[in-house]
Novice: 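Dropping the structure in here first, questions after.
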Protein chains: 2
Amino acid sequence: MIIDPTSPVHPYLQLAAHLREQIANGAYTGPLPSYEELVSQTGLSKGVIQRAIKVLVDEGLVFTVQGRGVFVKKG
Amino acid sequence: MIIDPTSPVHPYLQLAAHLREQIANGAYTGPLPSYEELVSQTGLSKGVIQRAIKVLVDEGLVFTVQGRGVFVKKG
DNA sequence: CACCATTTGTTCGTATGTATG
DNA sequence: GCATACATACGAACAAATGGT
C-alpha cells in the first residue's frame, strides 16, 4: 500500500516521498515505473502522479524524457 | 499587474474585464492563455480563472475546447 | 517511408475540503 | 448561512516524442 488515504499528508507528497526512498535504495536500474503503472499501483490519477514526479524533478533527483520515461539523475 | 487586490471589485470580475478588453483589442490570434498561464500571471487560483472564463463564455465571447484551450468566437 | 504502441506533456471539466469575511 | 477564494484531486481529450514493426 503506497498511499495511505487516512494520512493527513497529501497523496502527491506521499508518492514523492515513496519514490525518493526507492531511488535512495537504488530500486530503479532503468526508468521509473510509467505514469500508467503508478496510476495502477497507487490508485491515484495521472495528474497527481505527474505532480509527484515534478517534485522530484524540481529537487534535481530525476529528469523526464517525453516518449521514454522518467530517469534517475546520476552523480 | 492584472489584478488589483485592493479593489472592491471581485478578482474574477477584474480578470473577466481584462480578458474582454484584450479580446476587443484583438490581442489573441490563437487561443487565450491557458488556465495555468493565467494562474501564473494573476496569482489567482484555477477555480477563479475558470470562473472568469465562464463569464465570457456566457457572454458568447469565447468558447472552450477540452484539451485544446479557450478560443475567441468569430463573427 | 508509413504505421502503431508507449510514454510524457498540456489543457479544460468537475468535485471536494478548507478558510475567510 | 452564504459567497468568494484557494488547494487538491480525479476525469477526459488532445498533443508531441520515441521506438519498434
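Please read these numbers as outputs of a predicted model, since none were measured by experiment. Letters A, B, ... mirror the listed sequences (proteins, then strands); counts begin at 1. When reading the values below, keep in mind they use all heavy atoms of this one structure, side chains included, and skip hydrogens, waters and symmetry mates.
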Novice: Using a cut-off of less than 4.0 Å, is there contact between a side-chain N or O of B:Thr64 and OP1 or OP2 of C:dG13?
Specialist: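 Yes, within the criterion.
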Novice: Of all the choices, C:dT14, C:dG9, D:dT4, which nucleotide is nearest to the side chain of A:Gln50 once you look at every atom?
Specialist: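 Within the option list, the nearest is C:dG9.
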Novice: So, the side chain of B:Gln41 versus the backbone of B:Ile2: is there a donor-acceptor pair under 3.5 Å, distance only?
Specialist: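 Judged by distance alone, no pair lies under 3.5 Å.
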Novice: I need the CG-C1' distance between A:Leu19 and C:dT8, as an integer number of Å.
Specialist: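 Taking CG of A:Leu19 and C1' of C:dT8, I get 15 Å after rounding.
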Novice: Could you work out which one of D:dG19, D:dA5, C:dT14 sits closest to the side chain of A:Arg68?
Specialist: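 Selected nucleotide (nearest to the side chain): D:dG19.
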Novice: Between B:His10 (NE2) and D:dC6 (C1'), how many Å, whole number?
Specialist: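 In whole Å, D:dC6 C1' and B:His10 NE2 are 15 Å from each other.
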Novice: Do B:Ile53 and B:Leu32 have side chains that get closer than 4.5 Å, going by heavy atoms?
Specialist: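 Answer yes - side chains close enough.
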Novice: Between A:Tyr28 and A:Val70, is any pair of side-chain heavy atoms under 4.5 Å apart?
Specialist: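 No, every pair of side-chain atoms sits at 4.5 Å or beyond.
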Novice: Between A:Gly67 and B:Arg51, name the one whose nearest nucleotide on DNA chain D is closer to the 5' end.
Specialist: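 Checking each residue's closest nucleotide, the 5'-ward one belongs to B:Arg51.
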Novice: Whole Å only: how far is the CG atom of B:Leu13 from the P atom of D:dA3?
Specialist: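 It is 15 Å, rounded to the nearest whole Å.
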Novice: Tell whether B:Lys46 reaches the base of C:dT14 with its side chain through a donor-acceptor pair below 3.5 angstrom.
Specialist: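 Side chain to base: pair found, below 3.5 Å.
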Novice: Between C:dT10, D:dA9, D:dC6, which one does the side chain of B:Val48 approach most closely?
Specialist: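 Among C:dT10, D:dA9, D:dC6, the one nearest the side chain of B:Val48 is D:dC6.
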Novice: Closest nucleotide of DNA chain D for B:Ser45 versus for A:Val65: which of these residues is on the 5' side?
Specialist: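 Closer to the 5' end of DNA chain D: B:Ser45.
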Novice: Can you identify which nucleotide, out of D:dA9, C:dG13, D:dA13, has its nearest atom closest to the A:Tyr12 side chain?
Specialist: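 Looking only at side-chain atoms, A:Tyr12 lies closest to D:dA9.
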Novice: Give B:Pro11 one of three labels, base, sugar-phosphate or nothing, depending on what nucleic acid heavy atoms sit under 4.0 Å from its own.
Specialist: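 Contact class for B:Pro11: sugar-phosphate only.
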Novice: Counting distance alone, no hydrogens or angles: does the base of C:dG9 have a donor or acceptor under 3.5 Å from a partner atom on the side chain of A:Lys54?
Specialist: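 No, the side chain and the base share no sub-3.5 Å donor-acceptor pair.
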Novice: For the pair made of CD1 in B:Ile49 and C1' in C:dT14, what is the distance, rounded to whole Å?
Specialist: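 Spelled out: CD1 on B:Ile49 to C1' on C:dT14 is 17 Å.
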Novice: Between B:Gln66 and D:dC14, does any side-chain N or O lie under 4.0 Å from OP1 or OP2?
Specialist: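 No, outside the criterion.
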Novice: Base, sugar-phosphate, or nothing for B:Gly69, non-hydrogen atoms under 4.0 angstrom?
Specialist: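 Sugar-phosphate only.
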Novice: Figure out the CD/P separation between B:Glu37 and C:dG9, and round it to whole Å.
Specialist: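 Spelled out: CD on B:Glu37 to P on C:dG9 is 17 Å.
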Novice: In whole angstroms, how far is the P atom of C:dT8 from the CD atom of A:Glu36?
Specialist: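 The answer, rounded to whole Å, is 9 Å.
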Novice: Just to be sure I understand the rule, does A:Leu44 reach a base, reach only the sugar-phosphate, or reach nothing, if contact means heavy atoms closer than 4.0 Å?
Specialist: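 Here A:Leu44 touches the backbone only, sparing every base.
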Novice: Is the backbone N or O of A:His18 less than 3.5 Å from a side-chain atom of A:Glu21, with the two atoms forming a donor-acceptor pair by type?
Specialist: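 No, the answer is negative, given that no donor and acceptor are paired below the 3.5 Å cut-off.
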Novice: Distance check needed: D:dT8 P versus B:Tyr35 OH, whole Å only.
Specialist: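 Atom OH in B:Tyr35 sits about 19 Å away from atom P in D:dT8.
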Novice: How long is the line joining CG of B:Leu32 and P of C:dC12, in whole Å?
Specialist: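 Roughly 9 Å, once rounded to whole Å.
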Novice: Any side-chain heavy atom of A:Thr42 within less than 4.5 Å of one from A:Ile49?
Specialist: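 A:Thr42 vs A:Ile49: side chains touch.
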Novice: If the threshold is 4.0 Å, N to carboxylate O, is there a salt bridge linking A:Glu59 and A:Arg20?
Specialist: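 So A:Glu59 pairs with A:Arg20 through a salt bridge.
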